[in-house]
Every structure is written in C-alpha cells, then in structure tokens.
Amino acid sequence: MTVRTRFAPSPTGMLHIGGVRTALFSWLYAKRHGGVFVLRIEDTDRERSTEEATQVILDGMEWLGLHADEGPFYQTRRMDRYREVLEQFLASGHAYRCYCTKEELEAMRARQLEAKQKPRYDGTCRHRTEPRPGVDPVIRFKNPQEGVVIVEDEIHGNVRFENSELDDLIIARSDGTPTYNFCVVVDDWDMRITHVIRGDDHLNNTPRQINMLKALGGTPPKYAHVPMILGADGAKLSKRHGAVSVLQYREEGYLPEALLNYLVRLGWSHGDQEVFSLEEMIRLFDIKDVNKAASAFNPDKLLWLNQQHIMRSTPEHLAKHLKPHLAALGVPVDDEEKLAAVAKSQQERAKTLKEMAQNSVFFFREPAAYDEKAAKKNLTAEAKPALELVMEKLGALETWSAAAIHQAVNDTATQLGVGLGKVAQPIRVAVSGTSVSPPIDVTLEVLGREMTLQRLKKAVEYCGRV
RNA sequence: GCUCCCAUCGUCUAGAGGCCUAGGACACAGCCCUCUCAAGGCUGGUACGAGGGUUCGAAUCCCUCUGGGAGCGCCA
C-alpha cells in the first residue's frame, strides 16, 4: 500500500515553525517511503480564515521546498461531500439533530463544572422524535457509550480511551456547516491517508475521530502525534520567540535547508549527527524515532546550523539566495559569476544571508565613507607608504589572481620590514571601508584590479590629509 | 475539576539493565591557529525531578508523588 501523508493547516494564523515541523515530518515520511504528500487547507471557519494566511502557507511551503504531490485541497470546496455524509449518518442513526439551545448548554456546562465533573453533553436529544419549534438544530454524532478506543500511535504506543469519557460532539452547526473533527475524518478517509502525523494536541480528539471513521465504514490510519514546540523560555510558543510567519526566516537570511535541519533535530536525532542534507533527512528520518517530550526552540542553534549550511553550500546555490538580500539593500546584481565569487569568499564568515549581503555591498558599490574607528586606526600617516608601495606592486601584476596578490602584499610587508597586518589591514579598510572582510588576497581578486587601485588611491589621499 | 500525554546538562539530544566515574551539539569561558572577521583545533564547568520497589546490578523495568503540557467550544 502506498504511504499517503498530509499536512492540514488552518489558515487562521500565520504558519509558524511548529506547523512547519509537522509538515516536514509528514513530507519526509512520504518521501522516505516513496509515498504521496497531500496538502489540505482547513478553512471551514469562515470567520477566522484569511486569504493572507493561506498565501503564507503556500509561499512558505514553496520556499521550504515541501512540495505537495496532491492538493492544495480546500475544505470549503468540499461542502457537498460533507452534507452527503451528514445525511448518511442521520439516516443510519449514527447522528441526530439536537435542539438544545446555547443557553441550555451553557447552564449544563456550568452545573457540571460546579459538581467538579468533566463538562460534556448529556445526550438529551438522543431520543427526541419531534423538532422543537423556533430552534435551528445542530447535528451531533452518536458516540458509543461503552467500550474503549485504542489509538495505535507510532510515537506514543497504544493509548486507551474509555468511550464513557466521550460525549456526542457537534458535527454540523445550526447553520448546517460541518465542523472540524468531522471534516477531518471525511477528508482523511476520502483522500486515503495512511499516516496521520500531527501535533499531540490532537491526541485527545483521536478517539472521537476513530469512532466517526468506523461509522463511515472506514479503517483507522496509523497515527503519529508529535510533541509541540515550546518557546525559548520553555513556555508556549509566542510571537516573541518563533511564532512568527516562516517567511520571516527567509527575510532574516536563513537557508530553507537550515531551518528544516533545525526543525528535524527537534525531537529527533541520528546518533551524534547535527548537520543533515535534505537527502540525508529523507534517508534517515523515521517517525518512530521521534521523541515524546516537547522541546524548546533555540534560536542560537538555528543560527549555528544556518552557518553550517552556508559553509557547505555551493557558491552558485548561495548566490541564488544572496541576490534578493543584496537587492533589498539597493544593490541589484546581474553579474552571476561575480556574485558566486563573492558568496564563496564570504561563506565561512556569515551566519545569515542578510549578514552576508551587508558585508558584501562593498564588492559592488564603493563605500560612502570609511568606518570611523577603522580609518582612525589603519589609514594613518604610517600606513601611507605601505599603501603606496602595494598599489605600485598590484598595478604591475601580470595576472590578477589571489596568489599573485598574496605575493605582492607579502613582498610589501617584507620590504618595509613590518608585519603582514600593517599592510593588509589598511588595504582592507581602503577597499571595504571597514576592518572586516574575507582574506585580503581573495577580497582584492574578487573586487577586481580597477576598483582596487581606484580605492587604494583614494585611501592614500585620505592618509595624506590626516 | 475530569481525561489523556510527558519528564537526562541552561537548550537540543545519545542512552532500549552492566560498555555510564552519563556521550555529542548549541551557548558560555580559556588557550592555540591567524592579515581582520570567521572557520577549525584543544581544554573546562553544568544533567538522569523526588521517594519507594524489582534485580547481583537501574538513567534504563514497576508504583506513588511532584512538576509541566493538552483536551473537555455551534474554534481548528
């Protein structure tokens, strides 16, 4: 049987890393088993669902590369099917119309809470035969009152629920629209989902869903309820630490594979390995190995992993992702070859693409001004002779290569009887405007002879002025 | 309140009875390397929530407690 998994977010809030992780687990599981990954948008709550949130889900999945093999399906377009099953349940006696008013329900709830009981519907309308005038009924599922439901969970093992703990849940509102738990069951069955991988906040819903599925004549899929992600402070994920739109991570300069790597390691591991390529994740990941306990989101480790992935990337891959960040800084680049060379020179010293872009602007545009401290320390009268000499040597170079540049810089230091730093640092400030850049030979090579000499000339003049 | 879930360094985790004087990673501190920043290397501190069992032996199995989380909506 082909493995079929699904990711079924509701577009009521922003897609954040918690959702992305369950999506990733489902996607990985499908890929690993040569299965099918389905995307379904659960938008039955017309009040709270937004176009914007739907778009974030679609864009986020696209950016991360978690492509759906089927879908996106929208629940709002499946209303006819839900109505059909509703009628079927009503006809077969698996469901009934309930005429209890909201006020009555609230009163019942208050009484039960008062008596320190679990609030639940008491089944008043189970045997009602006549409609109640003036009340638009809801439809309730007639849950079995005896016996147990065993949820066979890939992560938690068998979890046992007494049917006597469950009540008759509402599956259609008084306006006739179906509710979440019901739609999920119909959809998962219709879409022939074999593995339901979702947050463990749904574990308690599962026995009801299994009961409805059985009423539908279906057989339960495999379940895997994955632990939730907590904020860095160990509390529930909030906007302060990670509960932001996934797209935020793109803006901040994270590589999609780095975010995925971070997320896959939350609650899952493979020996001591920390860095995983996408291929390794697919090959090594198994839902059975996922931990049961919730885990806290650690931005520092995500940052470190991003750097690891940047270091391991090909310059071309980096260039592709770096480009929009440079553009955002007002530096549109069309020289792909130079962009790749820049990325290569920076990939060992940037934790994010945003940072890389900021530190790479000087390769394309002359700095408006020198960093004050850097200039004061390095563009001094003492540095002037070094800059003049190295400028002369660089100008005379036959080939403009890192090796040749390295030689020229070294020779300058030797000739002047000073350390390499006394020559390299002033050059660095001269060309980049700051005291930080890739190794000076590489920097100059990528920058090109023309811009190098031009900026050195300016620096020499600057040294003369102070 | 009731039901269900969970519990190893600050954080992510390894550990499926002896290999554990508990390993790795992030972060932190120090040192080395060094043209800057990084990267890399080395060193260091910090953890099995508590109490009972079972066993020759328990982080690992069982029970109780404690602590945390989820669900109990005409939300998803």
Side-chain angles (χ1 to χ4, degrees), chain A residues 8-13 42-45 47-49 75 98 100 102 105-106 109 112-120 136-140 151 153 155-156 159-162 164-167 169-175 177 179-181 183-184 199-207 225 227-228 230 232 234-236 262 265-275 291-305 307-308 311 346-351 359 374 378 406 409-410 413 419-429 432 434-441 443:
Chain A
S10 63
T12 51
E42 311 220 322
D43 54 353
T44 50
D45 186 347
E47 301 278 300
R48 298 196 302 147
S49 296
Q75 290 188 323
C98 169
C100 295
K102 286 187 184 181
L105 260 20
E106 267 169 44
R109 185 186 162 79
Q112 288 164 332
L113 246 21
E114 179 86 12
K116 299 198 185 306
Q117 288 172 338
K118 180 191 256 189
R120 45 213 283 275
D136 289 329
V138 297
I139 298 175
R140 287 185 186 271
V151 177
D153 192 280
I155 294 171
H156 295 274
V159 185
R160 184 191 164 92
F161 293 87
E162 296 284 341
S164 57
E165 287 294 332
L166 276 23
D167 65 354
L169 77 159
I170 292 172
I171 57 179
R173 306 177 179 94
S174 46
D175 66 1
T177 58
T179 60
Y180 167 78
N181 276 105
C183 296
V184 166
D200 67 8
D201 48 337
H202 289 288
L203 184 54
N204 284 296
N205 288 331
T206 308
H225 287 94
M228 319 207 66
L230 271 24
K236 203 171 165 180
Y262 176 72
R265 277 287 287 102
L266 232 43
W268 176 83
S269 63
H270 179 73
D272 289 338
Q273 189 171 345
E274 296 289 349
V275 183
N291 283 167
K292 298 175 185 177
S295 40
F297 174 71
N298 182 345
D300 282 335
K301 189 148 186 181
L302 170 60
L303 200 55
W304 175 78
L305 268 172
Q307 180 170 37
Q308 294 300 311
M311 285 194 291
Q346 295 281 31
Q347 71 184 136
E348 227 172 49
R349 65 205 81 247
K351 287 191 191 305
N359 293 335
N378 296 291
H406 189 77
V409 175
N410 268 337
L420 201 51
K422 290 287 181 196
V423 183
Q425 238 1 47
I427 301 175
R428 177 166 281 120
V429 179
S432 77
T434 72
S435 58
V436 176
S437 89
I440 204 65
D441 48 357
T443 300

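Not measured: the values here are computed from a predicted model. Computation of the quantities below employed the complete heavy-atom set of this structure, encompassing side-chain atoms and omitting hydrogens, waters and symmetry-equivalent molecules. Reminder, nothing fancy here: chain letters follow the sequence lines and each chain counts from 1.
Nucleotides B:U66 and B:G49 place their C1' atoms 7 Å apart, quoted to the nearest Å. For the P atoms, the distance linking B:G10 with B:A22 amounts to 15 Å, nearest Å. Of the P atoms belonging to B:C37 and B:C32, the separation is 14 Å, rounded to the nearest Å. One C1' atom belongs to B:U8, the other to B:A16, and the distance between them is 15 Å to the nearest Å. For the P atom pair drawn from B:C48 and B:U64, the interatomic distance equals 23 Å after rounding to whole Å. B:U55 and B:A70 have their C1' atoms separated by 36 Å, with the value rounded to a whole Å. Nucleotides B:A14 and B:C61, compared at atom P, are 14 Å apart to the nearest Å. When the P atom is used for both B:G45 and B:G24, the distance is 12 Å, rounded to whole Å.
Using modelled atom types, one finds a donor on one side chain and an acceptor on the other under 3.5 Å when comparing A:Thr177 with A:Arg173.
A:Val138 comes within contact range of at least one nucleobase, with a heavy-atom separation under 4.0 Å. Among the atoms of the strands shown, none is found under 4.0 Å from any heavy atom of A:His225. Across all strands, A:Lys118 comes closer than 4.0 Å to base atoms (heavy-atom distances). Within the 4.0 angstrom heavy-atom criterion, no nucleotide atom of any strand lies near A:Thr12. Backbone-only contact: A:Thr44 has heavy atoms under 4.0 Å from sugar-phosphate atoms and none from a base. Across all strands shown, A:Leu113 has no heavy atoms under 4.0 Å from either base or sugar-phosphate atoms. Using a 4.0 Å heavy-atom distance criterion, A:Asp167 is classed as making no nucleic acid contact. Nucleic acid contact class of A:Arg109 (heavy atoms, under 4.0 Å, all strands): sugar-phosphate only. Counting non-hydrogen atoms under 4.0 angstrom, A:Gln307 reaches the backbone sugars and phosphates but no base. Residue contacts shown for A:Asp201 are limited to sugar-phosphate atoms, with no base heavy atom under 4.0 Å away. Among the heavy atoms of the strands, none lies under 4.0 Å from A:Asp175. Heavy atoms of A:Gln75 sit nowhere under 4.0 angstrom from any nucleic acid atom. Backbone-only contact: A:Glu165 has heavy atoms under 4.0 Å from sugar-phosphate atoms and none from a base. Residue-level contact check: A:Glu274 touches the bases, meaning some heavy atom is under 4.0 Å from a base atom.
Residue A:Ile440 holds its CD1 atom at 7.0 Å from OG of A:Ser432, rounded to the nearest 0.5 Å.
Contact check for A:Asn181 versus A:Ile171: no side-chain heavy atoms found under the 4.5 Å cut-off. Between A:Leu302 and A:Phe297, the closest side-chain pair of non-hydrogen atoms falls below 4.5 Å.
Taking every nucleotide of RNA chain B with any atom under 4.0 Å from a non-hydrogen atom of chain A, the first and last of them, 5' to 3', are B:G1 to B:A76.
Within the 3.5 Å criterion, the main-chain N or O of A:Arg48 finds no donor-acceptor partner in the side chain of A:Thr12. A donor-acceptor pair under 3.5 Å links the side-chain atoms of A:Tyr262 to the main chain of A:Asn298, judged by distance alone. A donor-acceptor pair under 3.5 Å is absent between the side-chain atoms of A:Arg428 and the main chain of A:Thr434, judged by distance alone. When atom types are taken as modelled, the side chain of A:His156 and the backbone of A:His225 share a donor-acceptor pair closer than 3.5 angstrom.
Base pairing analysis places B:A22 opposite nothing; no Watson-Crick or G-U wobble pair with both distances below 3.5 Å involves it. Using N1 to N3 plus N6-O4 or O6-N4 for Watson-Crick, or N1-O2 and O6-N3 for G-U wobble, each under 3.5 Å, B:C48 pairs with nothing. Remark: B:G57 base-pairs with no nucleotide in the shown strands. Criterion, Watson-Crick or G-U wobble with two distances under 3.5 Å. When both distances must be under 3.5 Å, the Watson-Crick or G-U wobble mate of B:G40 is B:C32. Base pairing analysis places B:C72 opposite B:G1; the two distances defining the Watson-Crick or G-U wobble pair are each below 3.5 Å. Searching all strands for a Watson-Crick or G-U wobble partner of B:G67 with both distances below 3.5 Å returns B:C6.
Judged by closest nucleotide on RNA chain B, A:Asn291 is the one of A:Trp304 and A:Asn291 placed further toward the 5' end. Residues A:Asn298 and A:Leu302 both approach RNA chain B. Their nearest nucleotides, taken by heavy-atom distance, put A:Asn298 toward the 5′ side.
For A:Tyr180, the ring-ring contact (aromatic ring centres under 6.0 Å, His included) partners two or more places apart in sequence, or in a different chain, are A:His202.
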